[in-house]
Protein chains: 2
Amino acid sequence: MTKKLRSKTPARTTYRHGDLRRALLEAGIALARAGGPSAIVLREATRRAGVVPNAAYRHFASRQDLLEAVRSAALSELAKTMEAEIAKVRRGKSAGEAARAKLRAVGTGYLRFAFTETGLFRTAFAAPEPLGFTRDPARKGASGLDPLELLGAALDDLTAAGLLPLERRPGAEFLAWSSVHGFAMLVINGPLHTVPRSDIDAIGARVVAMVEKGL
Amino acid sequence: MTKKLRSKTPARTTYRHGDLRRALLEAGIALARAGGPSAIVLREATRRAGVVPNAAYRHFASRQDLLEAVRSAALSELAKTMEAEIAKVRRGKSAGEAARAKLRAVGTGYLRFAFTETGLFRTAFAAPEPLGFTRDPARKGASGLDPLELLGAALDDLTAAGLLPLERRPGAEFLAWSSVHGFAMLVINGPLHTVPRSDIDAIGARVVAMVEKGL
DNA sequence: ACGGTATGTATACACCGTCCACATACGCTA
DNA sequence: TAGCGTATGTGGACGGTGTATACATACCGT
């Protein structure tokens, strides 16, 4: 027989789901988007997929495993937002100006994602499992780079333009990343939570400027 | 009758605990210290206090409420570590040198706490409840200042010494805090988790230096 | 001395992650 | 084309969690 059509009726006509793994992953992403890592609960994901709880275990070894998959997806999403921001920078600048603009774009994209997709951002950096930006292709953006690599490329441009001394290049991503990441964290679940959004953006710009100057 | 002695025997001789609130809080702190915010589970805390689960509700409105209390304690602990580091700076320096040393001490103490008391540190900054450094006295250190106020004092010294322009003083704590906080986060549950500890300290020093320069 | 109230107990519920045994449908091979 | 092995989903259960509701006990002020 040919491939059976997927029916949407919850009435049991299918038994086989078709692509349950994807359905569970997407449900997990939706949950994480709305409520962060702790909101992704296995049973709810299976409920949304119209399937019994244990079915999840055919595709994910554990809840933690599903979380990990969602995290990879979130990381990839972050990379895409950063890429989009990088693509916005105007052409026709000097190499130096272009490099600095790119670095700023990396920071801005990172913050944009943190503020507009807070749930996914939190999921991407959920403790305590050391996530580790491994070479998982699911964590990359359209350009094939993960967020850390995107930042590294911007810094490379900076040294190529002579704006970042070669001897200070190693480890520089950690300096830049720390500042922007910390700022994002403080905003989304810290004391800055009450500060008006306009001020937030201004302070964010100062953070990026500080990195540029202090690197 | 006079005050009844607290017996340690689990055999039910007491009924009244004596100071259950403190016992629960301390159990919560121990749990958080060992496993971070998610490790603090109400039933386990009551178990350690030798009491039935629901007894906790006489002292904490919910698990979240207990978590909040533990968080305050963790914040106070952080302040103490920072104060200890500040106290270490050598006297007899110029006002400028002293101010810079104090700022470095604030950063160093923050990182020391994050690395040695990771569980408590994570608890102090647990998402998603906006914690908000309110004027809760339980969140202060021995000097009566919370971590943010400690940082603010160091920055004030810096402007007093003419090393930080007055117009850049407002909001400066967020710049400095962001960098150090982000670095701590990346180390304790990020890609730097595999980097040897000695390198970590070196990079940490660079982060603080970047803040000093870029502020 | 006593009665109200603060504190702890008993029981119960819904929900969670996960294990085990069983049922079903797909896809390959004969 | 028949049949069978295996991937996938079902059913039921277990221990653990936070929390509500009703009950019991000891303390304290009148």
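Lettering of chains follows the sequences in order, A, B, ..., and the numbering in each one begins at 1.
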- [ ] Check the distance between C:dT9's P and B:H17's NE2 and give it to me in whole angstrom.
- [x] 10 Å

TODO: Please list all pairs passing the side chain to side chain donor-acceptor pair (under 3.5 Å) test where one or both residues lie in residues 52-63 of chain A, with sequence neighbours left out.
DONE: none

Donor-acceptor contacts, no H, no angles, side chain residues 104-114 of chain B, under 3.5 Å, sequence neighbours left out:
| residue | atom | partner | partner atom | Å |
| --- | --- | --- | --- | --- |
| B:R104 | NH1 | B:E212 | OE2 | 3.2 |
| B:T108 | OG1 | B:R104 | O | 2.7 |
| B:Y110 | OH | B:W177 | NE1 | 2.9 |
| B:Y110 | OH | B:H181 | ND1 | 2.8 |
| B:R112 | NE | B:E85 | OE1 | 3.0 |
| B:R112 | NH2 | B:E85 | OE2 | 3.3 |

Open item on the list: Taking 4.0 Å as the cut-off, does a side-chain nitrogen or oxygen of A:H59 come that near to OP1 or OP2 on D:dG9?
Closed with: yes

Task: For atom CG of B:L20 and atom P of D:dT25, their distance in whole Å - done: 19 Å

Open item on the list: Please determine whether salt bridge (Lys or Arg N to Asp or Glu O under 4.0 Å) holds for the pair B:R47 and B:E44, giving the CA-CA distance in whole Å, both sets of side-chain angles, and the decisive distance to 0.1 Å.
Closed with: CA-CA 5 Å; B:R47 231 170 277 134; B:E44 174 63 19; 2.4 Å; yes

Task: Length of the CG-P vector between A:D65 and C:dT18, whole Å - done: 10 Å

Task: Pair A:R139, A:S72: side-chain N/O donor-acceptor within cut-off below 3.5 Å - done: yes

- [ ] Starting at atom CG of A:D19, determine the distance to atom C1' of D:dT8, rounded to an integer number of angstrom.
- [x] 12 Å

Task: Salt-bridge contact A:R48-A:E26 (side-chain N to carboxylate O under 4.0 Å) - done: no

Task: Basic-acidic side-chain contact under 4.0 Å: B:K80, B:E83 - done: no

- [ ] Take atom CZ of B:R58 and atom P of D:dT21, then tell me their distance rounded to the nearest Å.
- [x] 12 Å

Could you run down the sub-3.5 Å N/O contacts of the protein with nucleotides 15-19 of chain D?
| residue | atom | partner | partner atom | Å |
| --- | --- | --- | --- | --- |
| D:dT17 | OP2 | B:R47 | NH2 | 2.6 |
| D:dG18 | OP1 | B:L42 | N | 2.7 |
| D:dG18 | OP2 | B:R43 | N | 3.0 |
| D:dG18 | N7 | B:R43 | NH1 | 2.4 |
| D:dG18 | O6 | B:R43 | NH1 | 3.1 |
| D:dT19 | OP2 | B:Y57 | OH | 2.9 |
| D:dT19 | OP2 | B:R63 | N | 2.7 |
| D:dT19 | O5' | B:Y57 | OH | 3.0 |
| D:dT19 | O4 | B:R43 | NH1 | 3.3 |

